[in-house]
Engineer: 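What follows is a single structure, and I will ask about it in a moment.
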Amino acid sequence: MSENSIPVEVYVLDKSYKVACLPDERDDLLNSAHYLNERMREMRSGGRVVGAERIAVITALNITHEFLKLQSGSAADPERIESIRGLSDRIETTLNKHSETSV
């Protein structure tokens, strides 16, 4: 965790995760977690994908596909894309740590 980062608790599919982020990125992180949570709930309610891990992977693939389509449109702001990548990396690291401790 960076000296300036703060722990932020986010909820995805009724599970709590603590993610370190800079204070000025807190709102973006919360919005990202909310968006991810909603997308994963939609995937789960569709009934075709079972299991939290599979739901997470399929949802991540869908969001990544959308992201890459937007990025290839050249209309995407490079600074915003880099910020999203940074948040995504931190979320992935936190999820990996959480899954290691859950085993």
Side-chain angles (χ1 to χ4, degrees):
M1 194 183 299
S2 164
E3 284 183 34
N4 298 329
S5 21
I6 58 170
V8 176
E9 189 170 20
V10 298
Y11 293 89
V12 178
L13 287 184
D14 303 321
K15 285 192 171 191
S16 167
Y17 300 93
K18 286 203 181 204
V19 180
C21 73
L22 296 174
D24 62 338
E25 293 178 343
R26 181 180 183 278
D27 289 341
D28 287 338
L29 173 61
L30 292 173
N31 288 334
S32 297
H34 177 74
Y35 180 76
L36 176 61
N37 187 49
E38 290 300 310
R39 294 291 302 268
M40 288 179 67
R41 285 181 180 283
E42 288 171 12
M43 181 68 62
R44 183 174 65 184
S45 70
R48 295 184 308 176
V49 181
V50 179
E53 185 176 326
R54 288 185 56 82
I55 290 170
V57 169
I58 299 302
T59 302
L61 286 170
N62 287 338
I63 292 171
T64 301
H65 174 73
E66 293 167 7
F67 170 74
L68 292 174
K69 281 177 61 176
L70 285 172
Q71 187 180 26
S72 68
S74 300
D77 176 12
E79 188 175 302
R80 184 82 170 145
I81 291 170
E82 203 52 44
S83 174
I84 292 169
R85 282 188 182 135
L87 282 171
S88 175
D89 290 345
R90 286 195 292 280
I91 291 169
E92 183 177 348
T93 299
T94 300
L95 290 174
N96 287 337
K97 286 180 185 176
H98 182 73
S99 67
E100 290 171 6
T101 59
S102 296
V103 177

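This chain uses plain numbering: 1 for the first residue, then up along the sequence.
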Engineer: Can you list every side-chain hydrogen bond (donor to acceptor under 3.5 Å, both in side chains) pair that touches residues 25-34, not counting sequence neighbours?
Structural biologist: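 Passing the test, one end in residues 25-34: Glu25-Arg90, Asp28-Arg80.
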
Engineer: So how far is it from Ile55 CD1 to Met43 CE, rounded to the nearest 0.5 Å?
Structural biologist: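 Reported value, rounded in 0.5 Å steps: 8.0 Å.
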
Engineer: Looking only at heavy atoms, what is the nearest atom pair of Glu9 and Leu30, with distance?
Structural biologist: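 Here Glu9 and Leu30 meet closest at O-CD2, 4.1 Å.
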
Engineer: Are any non-hydrogen side-chain atoms of Leu29 and Ile91 less than 4.5 angstrom apart?
Structural biologist: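 Side-chain contact under 4.5 Å: yes.
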
Engineer: Does anything in residues 46-56 pair up under side-chain hydrogen bond (donor to acceptor under 3.5 Å, both in side chains), and if so which pairs, sequence neighbours excluded?
Structural biologist: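 Every pair satisfying side-chain hydrogen bond (donor to acceptor under 3.5 Å, both in side chains) with a residue in residues 46-56: there are none.
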
Engineer: Under 3.5 Å, side chain of Thr59 to main-chain N/O of Ala56, donor-acceptor pair present?
Structural biologist: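 Side chain of Thr59 to backbone of Ala56, a donor-acceptor pair under 3.5 Å: no, none is there.
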
Engineer: Please report the shortest heavy-atom distance between Ile6 and Pro23, naming the atom on each side.
Structural biologist: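 Looking at all heavy atoms of both residues, the shortest contact is CD1-CA, 4.0 Å.
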
Engineer: Taking C-beta and beyond as the side chain, do Asn37 and Tyr11 meet within less than 4.5 Å on heavy atoms?
Structural biologist: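 Answer no - side chains too far apart.
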
Engineer: Do Ile58 and Tyr35 belong together in a cluster built from hydrophobic side chains that touch within less than 4.5 Å?
Structural biologist: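 Same hydrophobic cluster.
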
Engineer: Does some side-chain heavy atom of Arg39 sit less than 4.5 Å from a side-chain heavy atom of Glu66?
Structural biologist: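 Result yes, sub-4.5 Å side-chain heavy-atom pair found.
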
Engineer: How long is the straight-line distance from CG of Leu13 back to CZ of Arg41, given to the nearest 0.5 Å?
Structural biologist: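 Result: 6.0 Å between the selected atoms.
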
Engineer: Are Val8 and Lys18 close enough that some pair of their side-chain heavy atoms sits under 4.5 Å apart?
Structural biologist: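 Side-chain contact under 4.5 Å: no.
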
Engineer: Any non-hydrogen side-chain atom of Leu61 less than 4.5 Å from a side-chain atom of His65?
Structural biologist: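 When only atoms from C-beta onward are counted, His65 and Leu61 do not touch, as no gap falls below 4.5 Å.
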
